[in-house]
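All heavy atoms count here, side chains included; hydrogens, waters and symmetry mates do not. Throughout, a chain's letter reflects where its sequence line sits, starting with A, and its residues are numbered from 1.
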Protein chains: 2
Amino acid sequence: MARQAGSQGAETAARARRAALSLFARHGYAAVSMREIAAETGVGAAALYNHFATKQDLLTELMVKHLEALLAAWDAEPEAAPETEPRAALAAFARFHLRFHAARRDAVFVSTMELRSLDQPNFHRVERLRRAWEDRMEAIIRRGAEAGLFHAPEPRIATMALIGMLTGVTNWYRPAGRLPASAIEALHVEMTLSALGAAMTGDDACSPHP
Amino acid sequence: MARQAGSQGAETAARARRAALSLFARHGYAAVSMREIAAETGVGAAALYNHFATKQDLLTELMVKHLEALLAAWDAEPEAAPETEPRAALAAFARFHLRFHAARRDAVFVSTMELRSLDQPNFHRVERLRRAWEDRMEAIIRRGAEAGLFHAPEPRIATMALIGMLTGVTNWYRPAGRLPASAIEALHVEMTLSALGAAMTGDDACSPHP
DNA sequence: ATTGACAATGAACGATCGTTCGTTTCTATA
DNA sequence: TATAGAAACGAACGATCGTTCATTGTCAAT
C-alpha cells in the first residue's frame, strides 16, 4: 500500500520539512531521529530518503531556505533602499526583523541554535547567509553614524548587539503572554533606536552625541 | 589497575565536568556521548557513573552550579546593594554580566542552549535560577524607571531585551577578534544605558523622557 | 594485618540510530 | 493498454547509544 491516492511527492517533502523544523526547534537536531520526523510526516522512515539525501542535508536545506527567504523579503521592502533615511531604515529593519522572526519562530530557533550541527561545507554556506543579514543592518548603522544621526563608534559591534537583542525575543516571547506582539515590537524598535542615541519618540532637541 | 596513585575521586569528577562542559558547548548535549566525555576525562565510560547518576544529572549539575555561582558572585558585588544609584547599578550589572560570561563561555552556552534537553523537574530547577537572574536586572530597571532616570514603560520587556543583547555577545565574541574585550564591554555598557535613555556619557542636559 | 568503602576496569545489555535494500503500488505518459 | 519512474513500504545493516554488572586494585581506618 504505497502512495495513497492524490498524494504528491512534493507535499510529502513539505510536510517532512515542517515536521523536522518543529522537532528540531523543540528538541534539537541531534536529539531527533529520522523515524520521529517520518512519523510526524505520516510516512515510513525510508520514504524520507526519496526527498532528502541525508539528515544533514535536511537540516541544511531548512536553514538555507529560511535565510534566503529572510534576505529576499527584506530586500523587497521599500525601506531597504540605500537612500532611505537612516533612522527610518533602522526602525523598519528592526520592525521587519521582529515580525519575520515572530512568524517563523521554529526556523529562527533552528537557524541560530543548530549552526554547530552543520558539517564544515554546510556551515560555511549558512554562515555566508547569516553574515549577509548582519551586513544589511550594519550598512544602515554605518550610514546613520556617518550622517551624525547615530552614536555608533563601532557599527559592527552595534550590529551584533542589536541583532542579538532582536533575535533573543524568540527565546521568550509567547503569543499568549501578557503583552501583544505589537507592543513588544514597538518597545524593541524604540530601544533599538535609543541604543544608538537616535530615539524618534520624544523631542528632537535632544540631539545625538556631537 | 584501578585508582592511580595520588588520584582522587573528586579530581576525576571535576575533570569530567570540564570535559562535559566543553563538549556540550561545542556539539550539544544530545550529540555528545558519555564515552566521549569519559575519553576526554581520561577514564572509562563506566567510571563516570561513580560520580554522576545519569547523563541528565551531569547536565543539570553543570547548569545549576553555573547559575548559582553567577547569582552568588553578583550578590557579593557592592553595586548589587538595593540602595545603589540605578544608573550606576545598571552599568555595574551590565559590566559584571559581560565579564562573568566572557570568562565562562562554555557554561553560558550550555546554560542557555540546552534548556530543552532537561526533563521537566530539572528544567524547573534551572528555570527558577534563570528567572532569579532576570529579576536582579528587572529590579534595577524598575527602580530607575520609578526614579524617572530610565525610560522603561515595561521593565520586564526591557530586561529580557537587554539580557538578550548582553548574553548574545557569547555567540560571536572571539578573544582573538579585532577589538579587545574591554572595548566591547564599554560599548555594550553604553548601549545598555542608552537603550533606556540613560546614557552616562555626554552631557546630562539631555534628560530622559519626561 | 584485615576490612570496607571507593574508584576504576572491560564486557555486555537492550534500544535506537542513520541509512540501504528489494519490493510493491500508484500515476503519468506514450 | 503497456510501461517507466516516482514514492511508498517493511526489513535489515552495522554502529553507537546510555547504562549496568561483576570484578579488581588501592587507600584509610581498625
Residues in side chain to side chain donor-acceptor pair (under 3.5 Å) with [X], at least two apart?
X        : answer
A:Arg17  : A:Glu61
A:Arg99  : A:Glu185
B:Glu154 : A:Arg178

Open item on the list: What's the closest nucleotide to the side chain of B:Ala46 if the choices are C:dC21, D:dT19, D:dT20?
Closed with: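 Given the options C:dC21, D:dT19, D:dT20, the side chain of B:Ala46 is closest to D:dT20.
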
Open item on the list: I'd like to compare against my own output: the B/S/- annotation of nucleotides 13-18 of chain D with a strict under-4.0 Å heavy-atom distance to protein.
Closed with: ----BB

Task: 5' priority, DNA chain D, between A:Gly42 and B:Ala53 [closest heavy atom] - done: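 This one resolves to A:Gly42.
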
Open item on the list: Is it the case that the base of D:dA6 and the side chain of A:Asn50 share a donor-acceptor contact (distance under 3.5 Å, atom types as modelled)?
Closed with: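 Answer is no: no donor-acceptor pair is held.
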
Open item on the list: Can you see if the side chain of B:Thr12 gets near the phosphate of C:dA7 - specifically, an N or O under 4.0 Å from OP1 or OP2?
Closed with: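 Checking C:dA7 against B:Thr12, no side-chain N or O comes under 4.0 Å of OP1 or OP2.
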
Task: Aromatic contact, B:Trp133 with B:Phe93 (centres under 6.0 Å) - done: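 Yes, the ring of B:Trp133 comes within the 6.0 Å limit of the ring of B:Phe93, centre to centre.
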
Task: Listed partners of A:Arg142 passing salt bridge (Lys or Arg N to Asp or Glu O under 4.0 Å), at least two apart - done: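 A:Arg142 satisfies salt bridge (Lys or Arg N to Asp or Glu O under 4.0 Å) with A:Glu138 once adjacent residues are dropped.
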
Open item on the list: I'd like to check the salt bridge (Lys or Arg N to Asp or Glu O under 4.0 Å) partners of A:Arg174; sequence neighbours left out, ordered by chain and number.
Closed with: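 Salt bridge (Lys or Arg N to Asp or Glu O under 4.0 Å) check on A:Arg174 returns nothing, list empty.
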
Tell me: [atom1] of [X] to [atom2] of [N], nearest whole Å?
X       : N      : atom1 : atom2 : answer
A:Leu48 : C:dC21 : CG    : P     : 17 Å
A:Glu11 : D:dA8  : CD    : C1'   : 15 Å
B:His51 : D:dT19 : NE2   : P     : 15 Å

